[in-house]
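The block underneath contains the structure these notes are about, expressed in structure tokens.
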Amino acid sequence: MNSPSTSTSTSTSTSTSTSTSTSTSTSSNLSIWSLSYYINLWNKQFTEPDSSEETRKTVLRLTERFGETHPAFRMASYNEAVTFAKSKFKFLIVYIHSSQHPSSNSFCKEVLFTKEFKEFIEANYIFWVCDISTSIGLRMCNLLEVTTFPALSLICCNNVPGLTSSSQPVRLELFQGNQLSTKQSAMTIIRTSASHYEPSLIAAKADHDLREQDRFIRQEQDEAFYQSLKEDQEKERIRLEKEEQERSEREREEKEEQDRINFQRELEERKQRKQKLFINEPKQKQQNGVDITKLVIRLHDGSKLQRNFLITDTIEFVMDFIDTHIQEPIENYVLSTHYPKKQISNLNSTLKEEGLYPDSVLFLSEL
């Protein structure tokens with residue numbers, strides 16, 4: 001728990017004006033409550049109660065007894081109340097209640113649970129309440145150096161130059177006993193004391209707001225810079241990707257063109273080699289007595305070829321002859337007869353075996 005340190009103030013010295021008998025009696029009661037607190041801890045095996053739950057139960061008991069017209073109690077632990085007040089740059093007022101002290105009950109009925117006090121507190125402060133009968137209440141009573149009841153403490157939760165020396169909350173004032181006897185006196189002493197410290201808190205808030213504004217501006221600038229950088233990087237990525245695609249496309253086209261040229265060159269060279277095979281056309285029976293056959297070959301474009309072949313020549317040989325007269329690769333075509341209509345797919349068969357003698361008409365068609 002953030003323990004509030006104490007600071008010297010005029011109101012604190014005023015609070016010591018309480019009668020000696022009252023202080024002695026209250027100190028005696030605190031000693032009894034302290035002993036009871038540690039006995040309870042021993043019985044509970046030193047398990048510390050949940051301060052938020054204790055606060056909730058304290059508020060419930062107070063509202064059940066005194067009504068719903070009261071300042072907005074911060075329903076949270078003390079540390080959470082400090083954090084909230086710090087975020088709002090407001091003073092935190094801590095009220096420590098003692099149901100066994102007559103003045104506490106009078107304070108609740110005549111001051112705390114009134115419309116005027118409710119509006120006064122809610123307009124200016126964060127309010128948190130605890131009970132001396134709870135563990136958090138007893139600890140706060142000791143930390144704030146409470147000597148009588150009712151007791152209100154004005155606490156600064158922010159790091160304010162001139163008021164605080166660290167990030168820990170600081171007790172600025174302690175109001176107790178007769179100082180809070182009436183509604184008017186309670187509001188006056190709180191207002192007067194707070195007005196002494198408010199300029200420092202307002203200056204600290206203005207400085208904080210300025211730093212936050214600068215931080216926000218820098219953050220916006222950083223976000224704009226990183227957004228612009230991200231957009232530039234994305235543009236660069238797209239540009240490089242496009243260049244890479246264009247380069248790949250050029251390389252692909254160049255390769256395809258080179259492959260086409262190489263293929264065309266190889267095709268021409270192959271056709272030239274084949275042409276040498278058909279320089280001499282057989283005119284009659286060869287010396288070895290092999291018969292010849294006359295073939296008429298109708299090409300796919302409507303033109304025709306005519307030549308004599310040996311009946312022992314293969315279909316492949318005839319295809320090579322055709323290959324020397326067309327531009328396209330011969331592998332894309334097949335020969336067929338019209339009567340009977342059939343495709344000649346066996347390139348190793350001879351013209352005689354296919355029945356293509358003494359003459360025949362063949363048709364070249366695409367596969």
Side-chain angles (χ1 to χ4, degrees), residues 228-367:
S228 176
L229 179 62
K230 183 179 180 182
E231 291 174 356
D232 290 342
Q233 289 174 339
E234 180 65 14
K235 290 178 181 178
E236 181 66 11
R237 185 193 66 79
I238 293 174
R239 185 186 68 80
L240 292 176
E241 186 177 88
K242 183 178 180 181
E243 287 182 354
E244 178 63 21
Q245 290 177 347
E246 292 175 349
R247 186 189 62 80
S248 299
E249 182 66 18
R250 285 196 304 270
E251 290 180 351
R252 184 189 64 79
E253 292 176 352
E254 290 172 359
K255 185 177 182 304
E256 289 180 353
E257 178 63 17
Q258 188 60 46
D259 290 344
R260 187 192 66 78
I261 292 173
N262 292 339
F263 178 77
Q264 192 65 33
R265 183 188 302 114
E266 292 174 0
L267 185 62
E268 291 297 325
E269 291 175 354
R270 187 183 68 178
K271 291 179 181 295
Q272 290 174 5
R273 289 194 302 269
K274 289 182 179 181
Q275 285 176 352
K276 297 177 181 180
L277 301 176
F278 303 100
I279 295 175
N280 299 319
E281 180 181 359
K283 301 297 183 180
Q284 55 185 3
K285 287 186 179 181
Q286 302 299 304
Q287 293 178 356
N288 54 8
V290 178
D291 291 335
I292 64 172
T293 181
K294 183 178 181 180
L295 297 181
V296 176
I297 304 166
R298 298 225 176 245
L299 304 181
H300 61 288
D301 61 358
S303 61
K304 66 178 181 179
L305 301 175
Q306 184 173 307
R307 190 181 188 278
N308 293 331
F309 292 89
L310 299 176
I311 62 174
T312 55
D313 289 336
T314 62
I315 298 298
E316 184 178 15
F317 188 74
V318 175
M319 294 291 280
D320 288 341
F321 169 73
I322 299 172
D323 193 19
T324 62
H325 290 80
I326 62 175
Q327 297 295 323
E328 301 84 355
I330 193 64
E331 289 79 10
N332 298 336
Y333 298 91
V334 65
L335 285 174
S336 61
T337 59
H338 196 60
Y339 297 106
K341 187 170 184 176
K342 70 171 184 175
Q343 285 188 350
I344 305 173
S345 57
N346 187 357
L347 299 180
N348 296 322
S349 62
T350 64
L351 299 179
K352 181 179 180 181
E353 291 172 346
E354 292 293 341
L356 302 176
Y357 70 93
D359 55 63
S360 184
V361 178
L362 297 176
F363 297 89
L364 184 70
S365 59
E366 294 186 33
L367 288 173

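Below, all heavy atoms of this structure are taken into account, side chains as well, without hydrogens, waters or symmetry copies. In this chain, residues are counted from 1 in sequence order.
Residues P358 and T293 share a closest heavy-atom pair of O-OG1, 2.9 Å. The two residues L299 and I322 come nearest to each other via the heavy atoms CD2-CG2, 4.0 Å. Nearest approach of K271 to I326, heavy atoms of both residues: NZ-O, 2.8 Å. Across every non-hydrogen atom of Q306 and K294, the tightest pair is NE2-CE, 2.8 Å. In this structure, E328 and D323 approach most closely via the heavy-atom pair O-OD1, 3.8 Å.
Using a 4.5 Å cut-off on side-chain heavy atoms (C-beta onward), L351 and I315 make contact. Looking only at side-chain heavy atoms (C-beta outward), L362 and T337 come within less than 4.5 Å of each other. Side chains of S365 and H300 form no contact here, defined as non-hydrogen atoms less than 4.5 Å apart. Using a 4.5 Å heavy-atom threshold, the side chains of K255 and E251 count as separate. Looking only at side-chain heavy atoms (C-beta outward), L364 and L335 come within less than 4.5 Å of each other. Looking at E253 and E249, their side chains come closer than 4.5 Å, going by heavy atoms from C-beta outward. Residues F309 and V318 are in side-chain contact: their nearest non-hydrogen atoms beyond the backbone lie under 4.5 Å apart.
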Q. Can you list the steps and then say if R247 with E243 is a salt bridge (charged side-chain N to carboxylate O under 4.0 Å, His left out)?
A. CA-CA 6 Å; R247 186 189 62 80; E243 287 182 354; over 6 Å; no

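Comment: K235 does not engage E231 in a salt bridge, judged by the lack of any side-chain N to carboxylate O separation of less than 4.0 angstrom. One finds a salt bridge joining R239 and E236 here, because a Lys/Arg side-chain nitrogen approaches an Asp/Glu carboxylate oxygen to under 4.0 Å. E234 has no carboxylate O lying under 4.0 Å from a charged side-chain N of K230, or vice versa, which leaves the two without a salt bridge.
Rounding to the nearest 0.5 Å gives a distance of 9.5 Å between CD of E254 and CD of Q258. Between the CG atom of D313 and the OG atom of S349 there is a distance of 11.5 Å, given to the nearest 0.5 Å. Separating the CD1 atom in I311 from the CD atom in E354 is a distance of 13.5 Å, to the nearest 0.5 Å. Rounded to the nearest 0.5 angstrom, I292 CD1 and T312 OG1 are separated by 11.5 Å. The OG atom of S248 sits 10.5 Å away from atom CD of E241, with the distance rounded to the nearest 0.5 Å. To the nearest 0.5 Å, atoms NE2 (H325) and CG (D320) are separated by 12.5 Å.
When the side chain to side chain contact (heavy atoms under 4.5 Å, CB included) test is applied to E331, the partners found at least two apart in sequence or on another chain are R270, P329. By the side chain to side chain contact (heavy atoms under 4.5 Å, CB included) test, R260 pairs with E257, sequence neighbours left out. A search for ring-ring contact (aromatic ring centres under 6.0 Å, His included) contacts involving F278 returns F317, F321, not counting sequence neighbours.
Between the side chains of E266 and N262, no donor N or O sits under 3.5 Å from an acceptor N or O. Under the 3.5 Å distance criterion, with hydrogens and angles disregarded, no donor-acceptor pair is assigned to the side chains of Q275 and T324.
Annotation for F363: atom CZ counts as buried by contact number, over 12 foreign heavy atoms lying within 6.0 Å. Q327 CD: 12 or fewer foreign heavy atoms inside a 6.0 Å radius. For K352, the NZ atom is loosely surrounded, since the number of other residues' heavy atoms within 6.0 Å does not exceed 12.
No donor-acceptor pair closer than 3.5 Å links the side chain of N308 to the backbone N or O of E281. Side-chain atoms of E316 never come within 3.5 Å of backbone atoms of L347 as a donor-acceptor pair (strictly under, hydrogens ignored).
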